[in-house]
Number of protein chains: 2
Amino acid sequence: MAHDERPRTAPGPASRGGVTLKDVAQAAGVSISTASRALANNPHVSKATRRHVQQTARELNYVVNGLVRSMTGTGTRTVAFVTDAFLGEAFARMAQGVDMTLRRENAMLFLNSTQGFPEGQRIVIEQLARQRTSGVLLVGTQSDTDEHWTRIARYHDLLASVGARLVLCGVPAISNPKVSDIPTVSYDQRSGVQAATNALLDAGHRSIAFLGYSRRTTAMERFDGYRRAMRQAGLTVDPDDPMVIATGNVEEQIGPAALRLLDRDPAERPTAIVCTTDRMAHGVYRTARQLGLRLPEDLSVVGFDDLAADESLTPTLSTVNVPYEEIGRYAARLVLGLPVDRGEHPVFPVRFIPRRSIASPDRTATRSY
Amino acid sequence: MAHDERPRTAPGPASRGGVTLKDVAQAAGVSISTASRALANNPHVSKATRRHVQQTARELNYVVNGLVRSMTGTGTRTVAFVTDAFLGEAFARMAQGVDMTLRRENAMLFLNSTQGFPEGQRIVIEQLARQRTSGVLLVGTQSDTDEHWTRIARYHDLLASVGARLVLCGVPAISNPKVSDIPTVSYDQRSGVQAATNALLDAGHRSIAFLGYSRRTTAMERFDGYRRAMRQAGLTVDPDDPMVIATGNVEEQIGPAALRLLDRDPAERPTAIVCTTDRMAHGVYRTARQLGLRLPEDLSVVGFDDLAADESLTPTLSTVNVPYEEIGRYAARLVLGLPVDRGEHPVFPVRFIPRRSIASPDRTATRSY
DNA sequence: CTGAAAGCGCTAACAG
DNA sequence: CTGTTAGCGCTTTCAG
C-alpha cells in the first residue's frame, strides 16, 4: 500500500492530503478521543498524555479541520459583508470596523460584491446560506421598491432557516412593514445634509442645487434633508426641479451630471451645490474648473462622507462626517448576537464639518473680471 | 419526543436547527442517496423522482450544508485576501479583481486584516489553514528582513500542509532564497518612480526630494527608481540624504514628514518631491498650502497609485497608474491554480501619468511677490 | 483518566 | 433507476 500521490505536503500520512487526528492518535499511541481531548486542553486528560499528544501533533504538522468542527457545532463563526462593489472609503471603513469586532470574537469575514445585479445578490446570499454563515451584513443603499423589500424579506427567511442573521447596514431605518423586523444600522443622513444645506443658506445662498437624487434609500434620505432645510428657509424644491440632478456615484455619471448643472447661463446656474457624496463633490470640483469657475467664489460646494482626500482639495471640502467604523462595529455585534446598547435599529449621529468650500454668493456679484 | 427548542426557523424538523437531507428524503419517501442524487441533478434518477424530491426540498426550505460538502472534497473553494489594513483604494481595486475571478470560479473570498502585528499575520494564517482555505493572497508590502521571510516561508509550509497555496501580491519579485518558490504578483514599481522622477528632471528640477523611504519591499523598490533616475542625471542620493524622508503611509506620519521637508530655508527646500504614494502626495499638498507655497510654481509633486481623487486636486496630480484590478485577477488565478500566461512571478507594467502638478522650477526664481 | 462507539450531514461506491 | 453501506474528520456521550 505504498501510494505516493499526495500533494507536496508535509511528512504526515493521510490519503487525501492532510494529517488527521487519527494519524496523531496512532503516532501518539492513544485513542482518537484522547487525542481530541488532549488537543482541546480538556482537563480530563493526564498532563503527561496531553503534553505527549500535543508534541506529536506538532511534529506531524497537524492542523484541525475547522470545517468538520463547524459541523459538530463547535467551530469558527463566519460573517459576510455583502455590498454592490467594495470600492470607496466608506465601505472600507465600515469593513474595518466589522473586521475588528469579528477578530475579537474569533469569527471570520467573508467579502462579497454583488456587482449591481439583483441576481448577484441572490446568488451570493444563497451561497452564504449553504456555507452556514452565521450572519450577513447587507451593506449600502438599497433600492426602495416594494419588489426589492420582498426580495430582502426572502433573504432574511432563507438565512433564518439556517440559523443565520441578516442585518441591513447603512440604510435608513425602513418603514416598509415587510422588513420591519430586520435589524438596521443607520446614521442620520437627513440631519447631515440638512446641516450642510443650512451652512450654504447661512452663507447667503438661495440658488442651491442638489446632486444625486435617485430612488435609492440613501439618496432619498439625503434629498429629504436638503428639502427640509430649503423649506425652512422658505424655498421649495421637488425632485423635478431643474436644480435637482440625479446621478449614480460613479465617475462616468458624475461628470455629465455636474455639467448639466453648471454649464448654464449664469442666471440659471446655482451658486452652491449640495452633493450626496464626496465623490460627487470631487467631480463637481473638476467640472467647475473645466468651466473656469472659481471655487468657492463662483460656486460653493458641500459633500457627504468626509473622505481622506477632502482636505487636500482646493478649497478644502465641507462635508459630513459619518462614524463608519463604529457603524461597522455595531453591525458586527448585532449580527453575532452580542449585547448592544442601542437596540436593533440604531441611528448614529453624523457631524457637519465646515471647511473652505463655502463662500458668500455676494462675492460672485462683485467680481469684476 | 416533542422537543421544540430550535430557533425561529422555517417549518422543517431537524434537531440542531436546520432541515437536513434526511428530512427531505423522509418527506419525499426516498432514500437519502436518492435524494442527494436528485438534488445534484445526477442523471441516474428518474425525472419524476427528481422533480418530486426537488419540490419537497423547496417546500421544506432545505439548504445543503456546504461545510459538509467541503469535507467530502466537493464544496466551495475559499480564498483569503490578507493585508495589513484594507483601507485605501489600491487594495480595494485589487480585491475587486480577486472577487471577480473568484465569483466566476464559484469560490468565496475571505478578507482578513492583520492590523500591523506580525502576530496578527500568524494568527490569521493559522485560522485560514484550519478552515481549509484553498489559497491565501498575502497582499501589500512586506518588511524586507530575513526574519520576516523566514516567517513567510513557515506560512507557506503550513498552508501547503493543508493543500493551500500562498501567493504574495504587490511585492516585488523577491530575491531572498527562503521564499523564491512562492509565487509573487508584482508590478514595475521601479520604472514607475523612475519615469516620475524623470518627468521632474526634464522639467528642469535638480533639487528633488523623496518622501517615503523605509525598510519595506515596496518603498525600497520605489526608492531605487528614484535613485536611478537621479543618478542618470548625474545626481547622487542615498537613504541618509536630507532630501530623503521616511514615513509610513498614514496621515499622522505624512504631515510631519512633509513638514520636515518643506519647512526649510528656501535654499534648502526641494523644488520638487517624489512621493511613494498618492496619499503622501495629498499630504504634501496640504502641508505646502499651510506653508503658503504655491503648487506647482513653488513646488512640483508626483505621486504613485493614481487614486480617483487625484484629478480633483489643484493642480491635478501627476502619478503612476497601476493595474491593480488586473493584478488581483491574476493573483486569484494563480492561487486557484488556473492557467496563467505570465508565469508565477509576473511583473505588471505601470504607466506614468503626467498632469498639472509639474512645473519648471524657473518660475519659482522669477516670482516677484 | 481513557477508550469504544455513536453521530454530525452529505457523497460515493457498491449492490441490487 | 434506487437503496444500502461506507466513510470524511472530529466531538462527545457512555462505559470502563
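Just so it is clear: chains get the letters A, B, ... in the order the sequence lines come, proteins before strands, and each one is counted from 1.
As rounded to whole Å, 14 Å separates atom C1' of dG9(D) from atom CG of N65(B). As a whole-Å value, the separation of L60(A) CG from dG9(D) C1' is 15 Å. One can place CD of Q131(A) at 13 Å from C1' of dC10(C), the figure rounded to the nearest angstrom. Atom CZ of R130(B) and atom P of dC10(D) are 13 Å apart (whole Å). In this structure, L39(A) places its CG atom 13 Å from P of dT2(C), rounding to the nearest Å. Remark: C1' of dC1(D) and CZ of R51(B) are 17 Å apart, rounded to the nearest angstrom. Summarising the geometry, the separation between CG on N42(B) and P on dT2(D) is reported as 11 Å, rounded to the nearest angstrom.
If you look at F110(A) and F81(A), their ring centroids are not closer than 6.0 Å.
Which of dT4(D), dT2(D), dC10(C) sits closest to the side chain of V68(B) comes down to dC10(C). Among the nucleotides dT11(D), dG3(C), dT11(C), the one closest to the side chain of I32(B) is dT11(C). Nearest nucleotide to the side chain of L21(B), out of dT4(D), dT11(C), dG3(C): dT11(C). With distances taken from any side-chain atom of H44(A) to the nucleotides dT11(C), dT2(C), dC10(D), the minimum falls on dT2(C).
A sub-4.0 Å separation between OP1 or OP2 of dT2(D) and a side-chain N or O of T49(B) is present. For dC1(C), neither phosphate oxygen OP1 nor OP2 lies less than 4.0 angstrom from any side-chain nitrogen or oxygen of T34(A). For the pair S31(B) and dG3(D), the criterion of a side-chain N or O lying under 4.0 Å from OP1 or OP2 is met. For R69(A) and dT11(D), the shortest distance from a side-chain N or O to OP1 or OP2 is below 4.0 Å.
Looking at S36(B), its side chain has no donor and acceptor atom pair within 3.5 Å of the base of dA12(C). Looking at S46(A), its side chain has no donor and acceptor atom pair within 3.5 Å of the base of dT2(C). Taking only distance into account, the side chain of R132(A) never meets the base of dG9(C) through a donor-acceptor pair shorter than 3.5 Å.
Between K22(B) and R37(B), the residue anchored closer to the 5' end of DNA chain C is K22(B), taking for each the nucleotide with the nearest heavy atom.
Contact record, L334(B) with G343(B): CD1-O, 3.9 Å, taken as the closest heavy-atom pair.
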Notebook entry, point to check: Run the side-chain contact (heavy atoms from CB on, under 4.5 Å) check on N65(B) and R130(A) step by step: do they pass?
Noted result: CA-CA 5 Å; N65(B) 187 326; R130(A) 261 181 268 126; over 6 Å; no

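Screening R51(A), H52(A), E59(A) for a side chain to side chain donor-acceptor pair (under 3.5 Å) with Q55(A), the sole residue that qualifies is E59(A).
Using modelled atom types, no side-chain atom of R37(A) and backbone atom of P43(A) make a donor-acceptor pair closer than 3.5 Å.
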